[in-house]
Participant: 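Right, I'll just put the structure down here and ask away after.
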There are 2 protein chains.
Amino acid sequence: MKNEININCPVVNAVNVIGGKYKIIILYHLSEGTLRFNELQKRIPYATPKMLTQQLRELERDKLISRTVYPVVPPKTEYALTDYGKSIMPVLEALCDWGKTYLETPEC
Amino acid sequence: MKNEININCPVVNAVNVIGGKYKIIILYHLSEGTLRFNELQKRIPYATPKMLTQQLRELERDKLISRTVYPVVPPKTEYALTDYGKSIMPVLEALCDWGKTYLETPEC
DNA sequence: CTGGATCCGGATAGATACTG
DNA sequence: CAGTATCTATCCGGATCCAG
């Protein structure tokens with residue numbers, strides 16, 4: 001992310017953390033439980049693996065999600081919200097409500 | 001905006017509308033009242049005029065804001081939230097609360 | 001002088017192929 | 001399965017220019 005200019009505004013700070021191209025969607029899917037990389041890919045098909053990896057790494061760096069690699073064959077990597085990441089769920093719910101009510105889409 | 005793929009998820013739809021680079025910040029500033037172009041520029045100094053214009057036009061196209069041009073000299077253009085745009089304020093408040101509580105920034 | 005538009009170079013995202 | 005690598009297309013930022 002660029003423009004990580006802290007002008008002491010919480011909205012700006014929040015956007016700096018969750019404003020990445022697919023971050024809100026990733027957090028939203030992870031809010032329903034732990035997911036593996038390819039499960040996220042299926043849920044966000046328009047994000048390429050490269051972008052998914054990049055956004056996941058940034059979310060991990062910002063402590064919103066955890067990444068657990070199991071040293072098995074075939075590879076297995078699980079992504080989950082941290083407690084900190086879970087703290088953003090009210091925002092996701094507000095966004096979902098707005099999407100439901102005003103964009104007339106029935107289901108999540 | 002690209003990726004305006006409606007997969008019938010309200011969060012995806014919401015992100016399609018407000019996911020632009022400066023849209024949340026613009027909406028946030030306009031939530032406090034009507035602003036002129038250069039007033040928005042002052043509040044969002046890291047957005048170039050070009051980007052500001054682009055994002056404002058997209059928000060206008062999506063009916064979240066209104067643009068009123070007064071044919072006077074010097075030019076005067078006012079941007080304001082529409083009623084539809086105001087409906088997103090709960091999301092902005094949730095985001096602001098999250099920013100305040102978890103990013104430890106005192107003021108808006 | 002405000003509220004933009006235009007042009008260009010660098011950064012970012014997408015498509016596809018490939019690997020440990 | 002979970003990513004990389006590479007190449008291309010698109011977007012963003014900065015400077016400049018322009019009309020009312």
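The chains referred to below are lettered A, B, ... by the order of the sequence lines, with proteins before strands, and numbering in each begins at 1.
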Participant: Would you compute the distance between atom CG of B:L30 and atom CG of B:L64 and round it to the nearest 0.5 angstrom?
Facilitator: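 Between atom CG of B:L30 and atom CG of B:L64 there are 10.5 Å.
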Participant: Who passes side chain to side chain donor-acceptor pair (under 3.5 Å) against B:T68, sequence neighbours left out?
Facilitator: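 If we apply the side chain to side chain donor-acceptor pair (under 3.5 Å) test to B:T68, skipping adjacent residues, there are no hits.
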Participant: With sequence neighbours left out, what residues match B:R57 under side chain to side chain donor-acceptor pair (under 3.5 Å)?
Facilitator: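 Residues passing side chain to side chain donor-acceptor pair (under 3.5 Å) with B:R57: none at all.
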Participant: At under 4.0 Å between heavy atoms, how does the protein contact nucleotides 1-7 of chain C? Give one character per nucleotide, 5' to 3', with B, S or -.
Facilitator: -BSSSBB
Participant: Can you tell me how far P of D:dG13 sits from OH of B:Y46, to the nearest Å?
Facilitator: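 Between P of D:dG13 and OH of B:Y46: 11 Å.
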Participant: So how far off straight is the helix from C:dC1-D:dG20 to C:dG20-D:dC1, going by the axes through five pairs at either end, to 10°?
Facilitator: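 Inter-axis angle at the ends, rounded: 40°.
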Participant: I need the NZ-C1' distance between B:K21 and D:dT10, as an integer number of Å.
Facilitator: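 Value for this atom pair: 14 Å.
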Participant: Tell me the interatomic distance from A:K23, atom NZ, to C:dT12, atom P, rounded to whole angstroms.
Facilitator: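 Rounding to the nearest Å, NZ of A:K23 and P of C:dT12 are 12 Å apart.
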Participant: Does the plane of the ring in A:W98 sit parallel, tilted or perpendicular to the ring in B:Y84? Use 30° and 60° as the thresholds.
Facilitator: parallel
Participant: Please write out which residues are connected to B:V69 in a hydrophobic cluster, directly or through intermediates, given that two of Ile, Leu, Val, Met, Phe, Trp, Tyr count as joined at side-chain heavy-atom separations below 4.5 angstrom.
Facilitator: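 Under the 4.5 Å side-chain rule, B:V69 groups with nothing.
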Participant: Once you round it to whole Å, what is the distance between P of D:dT4 and CE of A:M51?
Facilitator: 13 Å
Participant: Roughly how many Å is it from CD1 in A:I44 to P in C:dG14, rounded to a whole number?
Facilitator: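 It is 12 Å, rounded to the nearest whole Å.
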Participant: How long is the line joining CD of A:Q54 and C1' of D:dT4, in whole Å?
Facilitator: 13 Å
Participant: Going by the rule side chain to side chain contact (heavy atoms under 4.5 Å, CB included), which residues pair with B:Q41 if we only count those two or more places apart in sequence or in a different chain?
Facilitator: B:F37, B:N38, B:P49, B:L52
Participant: Using OP1 and OP2 only, check whether a side-chain N or O of A:Y22 sits under 4.0 Å from C:dG14.
Facilitator: yes
Participant: Does A:Y70 sit in a hydrophobic cluster with other residues, and if so which ones, taking ILVMFWY side chains as linked at heavy-atom separations under 4.5 Å, directly or through other members?
Facilitator: A:V72
Participant: Can you list everything that forms a side chain to side chain donor-acceptor pair (under 3.5 Å) with A:T82? Sequence neighbours excluded, please.
Facilitator: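 So A:T82 forms no side chain to side chain donor-acceptor pair (under 3.5 Å) with any residue.
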